[in-house]
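Naming: A, B, ... by sequence-line order, numbering from 1 per chain. Side chains included, hydrogens not; waters and symmetry mates left out as well; all remaining heavy atoms used.
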Amino acid sequence: MHLPRLLQERFRESLASLTDRADDYAAMIRPTADPKHGDYQCNCAMPLSKEVGRNPREVAAEIVDKLRIDDICETPQIAGPGFINLTLKTDFISTSLSSLLGDDRCGVDPVKSEKSIVIDFSSPNVAKPMHVGHIRSTVIGDALARCLRFLGHRVVTDNHLGDWGTQFGIIIYGYKHFGDPEVVAANPVQELAKLYRIVNQLIEYRKSKRSIASLEQGVQSAEQAVQEAEEFLEGAEDSKKKAAKKSLASAQRRSQSAITSLNAATEKVNVVESDPVLAERAKLHAEIDQAVLEETAKLHQGDSENLALWEKFLPHCKDEINRVYDRLGVEFDHTLGESFYHSQLQGVVEKLKQAGLAEESDGAICVFMDGFDAPMIVQKQDGAFLYATTDLATLQYRLNEFNPGEILYVVDTRQSEHFEKLFAVADQFGLEHVKLVHVNFGTVLGEDGKPMKTRSGTLIGLESLLDGAVERAKQVVCDPDRLTTFDPPMDEAEQEMIAEAVGIGAIKFADLSHHRTSDYRFNLEKMVALDGNTSAYVQYSYARTQKILENAKKAELDIIQLVEQHGIEMTHPAERNLALMLMKLEESLVTLHKDYAPNQLVDYLLDTARAYSKFNENCHVLRAETPQIQAARLSLVCLSGRILQLGLQLLGIGVVPRM
RNA sequence: GCAUCCGUAGCUCAACUGGAUAGAGCAUCGGUCUUCGGAACCGAGGGUUGGGGGUUCGAAUCCCUCCGGGUGUACCA
């Protein structure tokens, strides 16, 4: 059920005699912004009037005159410069609503032309703890996969794991120098993580140590700039004071951020140097960054010892990330990591050379392209391949294996340039039949508006983030005062289950509720709040529907019978509004697909939950005046519950029967 | 420097890609109801969509320009 499409068909017929671009004009149907203009509006008369050189209201009148739509809408109204306003007939809404009953797709028609769509998302580096930066790709990618699949597309999800990079050099180095084979064997996941941290800390120490001099210089020049700005402000004429204040504030910000960077580096150095054990280690492993790269290179060249270690460690690293996926309820059809493509990389480079696309420059093999300052480097001076190479190999493999119509890369927006290059190269490879999309997304910011970090400046672990949300959700949802109102009482297990659903849901919902391309501020308190634009509000609305159905002792089959017997009679505006909302799920999903923007569905669910609340407030079900009215209300409650549940499920969020 | 994204209510964010009086939620203030669970509902205030110009029936959206910010910029991913 996609109302704009239905209306569009009618307009196309009516427009056919006026223009040969009837399709384009018929597409100009929108929901109205204000209910007083009806439910939908068609905005085609104004542009069309220009094409045919006539008065827009006249054109609108002619369109309306030819329009056969009285089975769906009241008489269309022409308003303003030539808007055609459409109000659905309440009968039509009732009939449509009853057709949703018993339909497990909730009225969403499967797409007519299904596509095969590959979605590349999450893609963490194994052996490195997952952190806050992995939320967005994982949550957005999973939601897209669920929604597009539900729409009827053949979706292939692939987790392009970073399982072949420097982080393994780090672990291998750590194992060789700090590892105890027995301890690692006994508790591999934790021990490997520990080894990673030890080596990484030393590398960070070295980096920081090297950068301190230039950071100090940065602070100095920033402070000088502040001073200059202050002096300028003092001497400035009144007319320039405002501008001078602004540039002073800007200089102060820069100075602050320079100081922060310097402090972070100094802190990393001090942590190591103030600890005798660490200081000794740092001295012993002075060349550690180089050594780690060498271990990585040896692995890539097939060194038997390192390869054996890699094979031994990889499963444990996967266990580690799979635990997080289990908790998030995320699954993949394929997990083909970088290592899977290793043997194909040389071939890709050769192919690029043969096609005349790649050439040597400064010892590296590069693809130069118009419109880009820097080339795409596919092989380094030292012979190593890069992620551009892997991405090309991956693309090639996916085209052969999955024959997709679309490939979506759910990856941070900071990698835009990489994907522009990748797509440009792919284009020259003759891949124009597949739609390649970089589904980019913004950064998760802390309360201070800067990328989210812990107080000590490190990234926040994903698991501790989830733990925090669940814990907070439990405090809020399982408040002892509230719990006393439940009958039967909630046992500990149920409380845990609710906290998990609400806590994890809160994080996902908050992420998905923002347009993916914008940055957003992470605020746990607001996310798990019971009021506001939160998952808990939607989940709670669902729980209320279930309570009413329970009290009414009616299952969906009973309701279908009641409707067959009594029909659906709507007497209150809140009923009509809710019913109309319930018919719009497909609309939100189609819009979602157009922009790969899950916030479309989030907005829909919030609107629906609010419409339900209003209905719930105004329209008593059990005390309904007549059986007809009650049948209608039971239908609305039942379908509201089903659609809220389905919508949340399509976002990867669960519901609980009571909370 | 170049490229690119952004600037919307006090705060956090939307706005179906050019449509009517720019919407939600927090927060603030006021109101409703003997709860099919009040975690509710109704209402009010709050905006020159960073500034200025342009395009047209119509601009938060497109173009130009200035101001302010983020990000990326040859061998990391």
Item to complete: Identify which nucleotide among B:A77, B:C36, B:A40 has an atom closest to any side-chain atom of A:Glu338, counting heavy atoms from C-beta outward.
Response: B:A77

Response to the item:
Whole-Å distance, A:Phe441 CZ to B:C6 P, equals 17 Å

Item to complete: Determine the interatomic distance between P on B:G23 and the same-named atom on B:A77; round to the nearest Å.
Response: 48 Å

Discussion item. If I take atom CG in residue A:Asp34 and atom P in nucleotide B:U21, what distance separates them, rounded to the nearest angstrom?
Written reply: 10 Å

Discussion item. Quick check: do A:Pro657 and A:Glu550 have side-chain heavy atoms less than 4.5 Å from each other?
Written reply: no

Discussion item. Determine whether the aromatic ring centres of residues A:Phe423 and A:Tyr409 are separated by less than 6.0 angstrom.
Written reply: yes

Practice prompt. Mind calculating the distance between CG (A:Asn523) and C1' (B:G25) to the nearest angstrom?
Written response: 13 Å

Worksheet item: Does A:His160 have its ring centroid less than 6.0 Å away from the ring centroid of A:Tyr341?
Response: yes

Practice prompt. Assign a letter to each nucleotide of nucleotides 11-20 of chain B from its 5' end: B, base within under 4.0 Å of a protein heavy atom; S, sugar-phosphate only; -, no contact.
Written response: -SSSSBB-BB

Discussion item. Could you work out, with side chain to side chain contact (heavy atoms under 4.5 Å, CB included) as the rule, every residue matching A:Val476, not counting sequence neighbours?
Written reply: A:Arg472, A:Val528, A:Leu530

Discussion item. Any side-chain to backbone donor/acceptor pair from A:Glu575 onto A:His572? Under 3.5 Å, distance only.
Written reply: yes

Worksheet, complete the sentence: Between CZ of A:Arg610 and P of B:G23 the distance, given in whole Å, is 14 Å

Worksheet item: Taking the C1' atom of each, how far is B:A60 from B:C29, in whole Å?
Response: 29 Å

Worksheet item: Considering only the C1' atoms, how many Å lie between B:A15 and B:G25, rounded to the nearest integer?
Response: 15 Å

Worksheet item: Which residue pairs satisfy the ring-ring contact (aromatic ring centres under 6.0 Å, His included) criterion with at least one member in residues 599-626 of chain A, sequence neighbours excluded?
Response: A:Tyr612-A:Phe615

Worksheet item: Can you check whether A:Lys50 has a side-chain N or O nearer than 4.0 Å to OP1 or OP2 of B:U56?
Response: no

Practice prompt. Figure out the CE/C1' separation between A:Met369 and B:A74, and round it to whole Å.
Written response: 12 Å

Response to the item:
Considering only heavy side-chain atoms of A:Glu417, the closest of B:U73, B:A74, B:G25 is B:U73

Discussion item. Please tell me if A:Lys614 has a side-chain N or O lying less than 4.0 Å from either OP1 or OP2 of B:C42.
Written reply: yes

Worksheet item: Taking N and O atoms by type only, does the side chain of A:Thr390 place a donor or acceptor under 3.5 Å from a partner on the base of B:A77?
Response: no

Practice prompt. For A:Ala510, check side chain to side chain contact (heavy atoms under 4.5 Å, CB included) against everything at least two apart and list the hits.
Written response: A:Met527

Worksheet item: Less than 4.5 Å apart, any side-chain heavy atom of A:His514 and any of A:Asn599?
Response: no

Worksheet item: P atom, B:U55 versus B:U12: distance in rounded Å?
Response: 35 Å

Fill in: A:Phe615 CZ - B:A40 P separation (whole Å)
18 Å

Discussion item. So A:Met659, base contact, sugar-phosphate only, or nothing? Heavy-atom distance under 4.0 Å.
Written reply: base

Practice prompt. For A:Asn618, report the nucleic acid contact type (base, sugar-phosphate, nothing); a contact means any heavy atom under 4.0 Å.
Written response: nothing

Item to complete: Scan A:Tyr40 against the nucleic acid and name what it touches under 4.0 Å (heavy atoms): base, sugar-phosphate only, or nothing.
Response: nothing

Fill in: Whole angstrom value for the distance that separates P of B:A24 from CG of A:Leu605
18 Å

Worksheet item: So, are A:Arg610 and A:Asp607 salt-bridged, with charged N and O less than 4.0 Å apart?
Response: yes

Worksheet item: Is the distance from OP1 or OP2 of B:C41 to the nearest side-chain N or O of A:Ser613 less than 4.0 Å?
Response: yes

Practice prompt. Mind checking A:Cys44 for me? I need base, sugar-phosphate or nothing, with any heavy atom below 4.0 Å counting as a touch.
Written response: nothing

Practice prompt. Please list, chain by chain and in numerical order, all residues satisfying side chain to side chain contact (heavy atoms under 4.5 Å, CB included) with A:Asn159, sequence neighbours excluded.
Written response: A:Ser122, A:Ser123, A:Pro124, A:Leu161, A:Tyr325, A:Phe332, A:Thr335

Item to complete: Give A:Ala543 one of three labels, base, sugar-phosphate or nothing, depending on what nucleic acid heavy atoms sit under 4.0 Å from its own.
Response: base

Worksheet entry | Atom P, compared across B:G68 and B:G50: separation rounded to whole Å | 16 Å

Item to complete: Could you check whether A:Phe372 gets within reach of a base, just the sugar-phosphate, or nothing at all, counting any heavy atom under 4.0 Å?
Response: nothing

Worksheet item: Rounding to the closest angstrom, what is the interatomic distance between B:G72 and B:A40 at atom P?
Response: 41 Å

Practice prompt. Could you give the distance separating B:C5 and B:C63 at their P atoms, to the nearest angstrom?
Written response: 9 Å

Discussion item. Go nucleotide by nucleotide along RNA chain B from the 5' end; which of A:Ala374 and A:Gly162 gets its closest nucleotide reached first?
Written reply: A:Ala374

Practice prompt. Name the orientation of the base relative to the sugar in B:U17: syn if the glycosidic angle is within 90° of 0, else anti.
Written response: syn

Practice prompt. Identify all stems in which RNA chain B takes part, counting only runs of at least 3 consecutive pairs (Watson-Crick or G-U wobble, each distance under 3.5 Å), and give each as one range with another, ordered by first number.
Written response: B:1-7 with B:67-73, B:10-13 with B:23-26, B:28-32 with B:40-44, B:50-54 with B:62-66

Worksheet entry | Interatomic distance, A:Gln379 CD vs B:A77 P [rounded to whole Å] | 13 Å

Practice prompt. With P as the reference atom in both, quote the distance from B:C42 to B:C26 in angstrom, rounded to an integer.
Written response: 12 Å

Fill in: Test item: A:Ile288 and A:Val292 side chains (from C-beta on) under 4.5 Å apart, heavy atoms
yes

Practice prompt. Could you tell me whether the side chain of A:Asp412 reaches within less than 4.5 Å of the side chain of A:Phe441, counting heavy atoms only?
Written response: yes

